[in-house]
Number of protein chains: 2
Amino acid sequence: MPSPRPTSRDVAQAAGVSQAAVSMVLGEKWRGRVSAATAARVREAAATLGYRPNLAARQLRLGSARTLLLVVPALTTEYFADLYAGAARAAAEQDFGVILYLSPTVTAPARDPFASAQSTVDGVLASSMSAEALSTIRGDRLPLVMLDSSPDAGAPTVNVDLADGARQAVEHLLGHGHRRFVHLSADVPSWTFEVRAGAVAARLASVPDASLRVVPTALTVPGGAAATAAALDEAGPRPTALVCDDDRIAAGAYKELRRRGLQVPQDVSVVALDDFAVATAVDPELTAVRFDAELFGERGVRALLALIAGADPDDRDVPVQLVVRGSTGAVSPG
Amino acid sequence: MPSPRPTSRDVAQAAGVSQAAVSMVLGEKWRGRVSAATAARVREAAATLGYRPNLAARQLRLGSARTLLLVVPALTTEYFADLYAGAARAAAEQDFGVILYLSPTVTAPARDPFASAQSTVDGVLASSMSAEALSTIRGDRLPLVMLDSSPDAGAPTVNVDLADGARQAVEHLLGHGHRRFVHLSADVPSWTFEVRAGAVAARLASVPDASLRVVPTALTVPGGAAATAAALDEAGPRPTALVCDDDRIAAGAYKELRRRGLQVPQDVSVVALDDFAVATAVDPELTAVRFDAELFGERGVRALLALIAGADPDDRDVPVQLVVRGSTGAVSPG
DNA sequence: CTGTTAGCGCGTTCAG
DNA sequence: CTGAACGCGCTAACAG
């Protein structure tokens, strides 16, 4: 016999009080409305019965499910996994849940997030979304915080300071004497990659004898290899430093370099502006820009909850850190 | 003015009918209860008002949120991401949603999944769970389907046929003349890894002149490197074939092999029993066992929905396929 | 046949 | 501290 879930009425009966009293006690709203003794009795009864409020009923009355919607373009890397984990943790601290919506890929037709979400949401956290896709989401002018998106998009944003990361990476390479740079720049029309490209170019613009070639690159291993081949095939002296928008691109660069008999880092240094599983799997391990994706999710949720509460969202950027590993070194003599 | 969400009453009023009629029409239960003309009018009104049923109210009345809970140990690889995507898609086809619960890691204290889930669930899909962790989940004897778990656990299971994958991998290596094997076996007490170990050992047991050494290995790049070092340091002729439980272990093996001046695949062949991002990022790319994680999630959901509906879950295994790439070849002469 | 009325489910809150 | 009303959609019972 699957014992039916106890309701607040059951608790009330067990404690010898009314439903209203139960609601107040369990909702921590009984300061001076219910005696401490009765409150204790109610808690006791709730505990022994294993009572859990029916969230559907609560939502129906309160008009909120205490739920946030996290929209991500795809869950294909551990980045989004960490993002979700951090968001869920931060939300749970304030008794909010986080549900996930995988925004349609290029191929799949756009489905209504709210239909699939199966729930009423109190706010939306949108990661790496384009402005158009965005409009679908804001169906009812829900509170919205954008992650990894342009601050000009008309919604509060929380970002990772990858411009700083790109600067740090270039700085590191300059310090090793590199002057001939190639930026393997993701060919995805996303704000985050534009920022990286801008930061790399800006830093190098102030170095008189530095050169920079930007090659649009697909965000895959073969894409990285192809772009590297293109960069090396161009006329002029061979570049000595490769800045890759992510670690998969860098893995592709490794392959092409090795195919040509070039060694990392003796002949060419490589840095990645992302630090995920691939970064430490390749040999030598990648010097890469790392950030705390969980912290990112956490900040995003805090900003969104602040927005919902009517406060000013704290939109500080998440700091990044250059992790120096074996893929970068001094320019080879000659 | 944030226009208040239209209720079914609003729709009824707009269409000039009663709420009951609206419910019937929109619930596709009007065969013979409502005229086609009226039904059309109701649909029309609902569409123009942008009506969406309040799911809290529906759930309250129906006692179900049409929601499934997917429990995963961690979301750290794209495997779980794909699993979720497949599960969500299959569930959506039957108007179910899927919410995620990240089961506690070793460090984090166990939280109540249902508290964090913020919703009433109709069933649980548990991936790679140990028997103990399981008991926490089945709080209310919910329908449960286990993924990647022992069929003896007392719940229906849907599995990936990795035993077959392990056999295929060993077969492939045997065909290239390999006889001295090392299995870098994940040191995680999980059913899936026991199955792989069993399958590798069983296949090799029938080959008279084959040898197998099993080395417990941490599921990380350094873990793979350390285990490889241990295997190569043992006395006796050097192994020529490494079977790795996942691609990160294989990446570690690559590093240790290269450190010792051994080449893949000329000196040592390497196969991985998992095929994720790292498999194609390393050089040479890994010969690996691949399966469709989305299909896995899909099958899991179908089994769970069948179980909920009182039918027999179809618990066929998900097939696997050996993808031959550059990390395996014939034993080197000598 | 076509459609309506009434009451339910459960937690919250206001007037008593 | 309690009784009763409320939120919204679903469905059994009932009426035209």
Side-chain angles (χ1 to χ4, degrees), chain A residues 3-43 45-46 49-67 95 114-115 118-120 122 140, chain B residues 3-43 45-46 49-67 95 114-115 118-120 122 140:
Chain A
S3 61
R5 251 174 92 143
T7 70
S8 70
R9 191 137 66 204
D10 299 329
V11 176
Q13 200 159 4
V17 295
S18 71
Q19 271 189 74
V22 173
S23 177
M24 286 169 166
V25 171
L26 266 36
E28 295 297 337
K29 294 184 176 172
W30 56 285
R31 339 157 194 228
R33 325 249 336 141
V34 177
S35 76
T38 310
R41 230 169 349 118
V42 169
R43 278 187 225 285
L49 289 182
Y51 168 74
R52 302 198 146 293
N54 180 323
L55 291 153
R58 166 179 285 169
Q59 172 182 350
L60 186 55
R61 192 68 181 79
L62 263 32
S64 153
R66 296 189 80 77
T67 297
D95 274 311
F114 298 103
Q118 291 277 350
S119 175
T120 311
D122 300 303
D140 282 302
Chain B
S3 61
R5 254 174 90 141
T7 70
S8 71
R9 189 137 65 204
D10 298 329
V11 176
Q13 199 160 3
V17 296
S18 69
Q19 275 187 71
V22 173
S23 177
M24 286 168 170
V25 172
L26 267 35
E28 294 298 335
K29 295 185 175 172
W30 55 285
R31 331 149 202 233
R33 320 261 326 146
V34 176
S35 73
T38 312
R41 223 158 9 104
V42 169
R43 277 189 225 286
L49 289 183
Y51 169 73
R52 304 198 144 292
N54 180 323
L55 290 153
R58 167 182 283 168
Q59 171 181 351
L60 186 55
R61 189 67 179 81
L62 263 30
S64 153
R66 296 189 80 78
T67 298
D95 273 312
F114 297 104
Q118 290 277 354
S119 176
T120 312
D122 300 303
D140 283 303

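Predicted model, so just to flag it, every value in this text is computed and none were measured. Chain letters run A, B, ... following the sequence lines, proteins first, then strands; residues in each count from 1.
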Quiz item: How is B:Leu62 classified with respect to the nucleic acid when contacts are heavy atoms under 4.0 Å: base, sugar-phosphate, or nothing?
Solution: sugar-phosphate
Quiz item: What is the distance, rounded to the nearest whole Å, between atom CD of B:Gln59 and atom P of C:dG11?
Solution: 12 Å
Quiz item: How about B:Arg58 and B:Leu62: do any of their side-chain heavy atoms sit closer than 4.5 Å?
Solution: yes
Quiz item: Hey, are the side chains of A:Trp30 and A:Val42 touching, using non-hydrogen atoms and a 4.5 Å cut-off?
Solution: no
Exercise. Look at A:Arg9 and C:dC10 and indicate whether a side-chain polar atom (N or O) is within less than 4.0 Å of OP1 or OP2.
Key: no
Quiz item: Could you state the CD-C1' distance from A:Gln13 to D:dT2, rounded to the nearest angstrom?
Solution: 15 Å
Quiz item: Between the side-chain atoms of A:Arg61 and the base atoms of D:dC6, is any donor-acceptor pair under 3.5 Å?
Solution: yes
Practice problem: With heavy atoms under 4.0 Å as the rule, sort A:Val17 into base, sugar-phosphate or nothing. | Solution: sugar-phosphate
Quiz prompt | Shortest non-hydrogen contact between A:Pro6 and A:Leu49, atoms and distance | solution = CG-O, 3.4 Å
Self-check item: Closest listed nucleotide, where the reference is the side chain of B:Thr38 and the choices are C:dG3, D:dT2, D:dC10
Solution: C:dG3
Quiz item: Where do A:Val17 and A:Val22 land on the side-chain contact (heavy atoms from CB on, under 4.5 Å) test, with the steps shown first?
Solution: CA-CA 7 Å; A:Val17 295; A:Val22 173; 4.0 Å; yes
Exercise. Considering just the side-chain nitrogens and oxygens of A:Lys29, establish if one lies under 4.0 Å of OP1 or OP2 belonging to C:dT12.
Key: no
Practice problem: Would you indicate which nucleotide in C:dC10, D:dC10, D:dG3 comes nearest to any side-chain atom of A:Ala57? | Solution: C:dC10
Quiz item: B:Thr7 near the nucleic acid: base, sugar-phosphate alone, or nothing, with a heavy-atom cut-off under 4.0 Å?
Solution: sugar-phosphate
Self-check item: Options C:dG3, C:dT13, C:dG9, nucleotide nearest the side-chain atoms of B:Leu60
Solution: C:dG9
Practice problem: With the side chain of A:Gln19 defined as its heavy atoms from C-beta on, choose the nearest nucleotide among C:dT12, D:dT11, D:dG9. | Solution: C:dT12
Quiz item: Among the nucleotides D:dT11, C:dG11, C:dT13, which one has an atom lying closest to any side-chain atom of A:Pro53?
Solution: C:dG11
Practice problem: Look at the side chain of B:Ser35 and decide which nucleotide, out of C:dG11, C:dG9, C:dG3, has an atom nearest to it. | Solution: C:dG3
Self-check item: CD/B:Gln19: more than 12 non-hydrogen atoms of other groups inside 6.0 Å
Solution: yes
Practice problem: Measure from the side-chain heavy atoms of B:Arg33 and tell me the nearest of D:dG9, C:dT12, C:dT4. | Solution: C:dT4
